[in-house]
Amino acid sequence: MARARLHRRGLRGTRRPHVAARAVLVAPPAEGDLTGAACKGVDPDLFFPEPDPDAMGPEWECAFEFAERRAKMICAGCPVRLLCLAGAMERGESAGIFGGLTADERAKLKRSQQNRQARQRRADRTAPIGGAA
């Protein structure tokens with residue numbers, strides 16, 4: 001399979017490099033192994049920062065935020081970040097950082113997607129039939 005490469009003038013290997021590629025929905029692999037993931041070989045605990053009940057206060061909050069940022073920086077450069085995020089959303093992961101998002105951020109994203117789908121269904125039901133106003 002030929003791989004498209006980014007080039008100064010657009011996508012190399014395309015007939016019209018100025019035309020943007022269309023987004024394609026890709027399902028994560030069933031076995032859960034994402035080939036080429038940036039987190040391979042990294043300590044998994046980095047992606048599951050846990051609060052320390054003995055160390056509450058501003059210092060702990062800074063340390064917790066720093067740990068989150070480090071994990072998100074690894075995710076930011078990952079070529080399979082969207083697949084990882086889709087897999088976590090599909091599995092309903094309730095902890096950890098997957099695809100560059102925390103559990104709270106994934107829950108917020110899921111709610112916004114559900115709200116968008118509900119609005120679309122309502123708009124489809126109230127649209128006039130035949131396009132007449």
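Every side-chain contact (heavy atoms from CB on, under 4.5 Å) that Ala118 has, sequence neighbours left out, goes to Arg121, Arg122. Every residue two or more places apart in sequence or in another chain that forms a side-chain hydrogen bond (donor to acceptor under 3.5 Å, both in side chains) with Gln120 is listed here: Asp124.
With side-chain heavy atoms closer than 4.5 Å counting as contact, directly or through intermediates, Met73 stands alone and belongs to no larger hydrophobic cluster. The hydrophobic cluster of Phe66 has no other members, since no ILVMFWY side-chain heavy atom comes under 4.5 Å of it.
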May I have the list of side-chain donor-acceptor pairs in residues 36-43 shorter than 3.5 Å, sequence neighbours left out?
{"unit_1": "Lys40", "atom_1": "NZ", "unit_2": "Asp33", "atom_2": "OD1", "d": "2.4"}
{"unit_1": "Asp43", "atom_1": "OD1", "unit_2": "Asp45", "atom_2": "N", "d": "3.3"}

Show me the donor-acceptor pairs within less than 3.5 Å that the side chains of residues 96-111 make with the rest of the protein, sequence neighbours left out.
{"unit_1": "Thr102", "atom_1": "OG1", "unit_2": "Glu105", "atom_2": "N", "d": "3.3"}
{"unit_1": "Thr102", "atom_1": "OG1", "unit_2": "Glu105", "atom_2": "OE1", "d": "3.4"}
{"unit_1": "Glu105", "atom_1": "OE1", "unit_2": "Lys72", "atom_2": "NZ", "d": "3.1"}
{"unit_1": "Glu105", "atom_1": "OE1", "unit_2": "Thr102", "atom_2": "N", "d": "2.8"}
{"unit_1": "Glu105", "atom_1": "OE2", "unit_2": "Lys72", "atom_2": "NZ", "d": "2.8"}
{"unit_1": "Arg106", "atom_1": "NH1", "unit_2": "Gly96", "atom_2": "O", "d": "3.0"}
{"unit_1": "Arg106", "atom_1": "NH1", "unit_2": "Leu101", "atom_2": "O", "d": "2.8"}
{"unit_1": "Arg106", "atom_1": "NH2", "unit_2": "Glu93", "atom_2": "O", "d": "3.2"}
{"unit_1": "Arg106", "atom_1": "NH2", "unit_2": "Ala95", "atom_2": "O", "d": "3.4"}
{"unit_1": "Arg106", "atom_1": "NH2", "unit_2": "Gly96", "atom_2": "O", "d": "3.4"}

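Expressed to the nearest 0.5 Å, how far CG of Leu85 lies from SG of Cys78 amounts to 11.5 Å.
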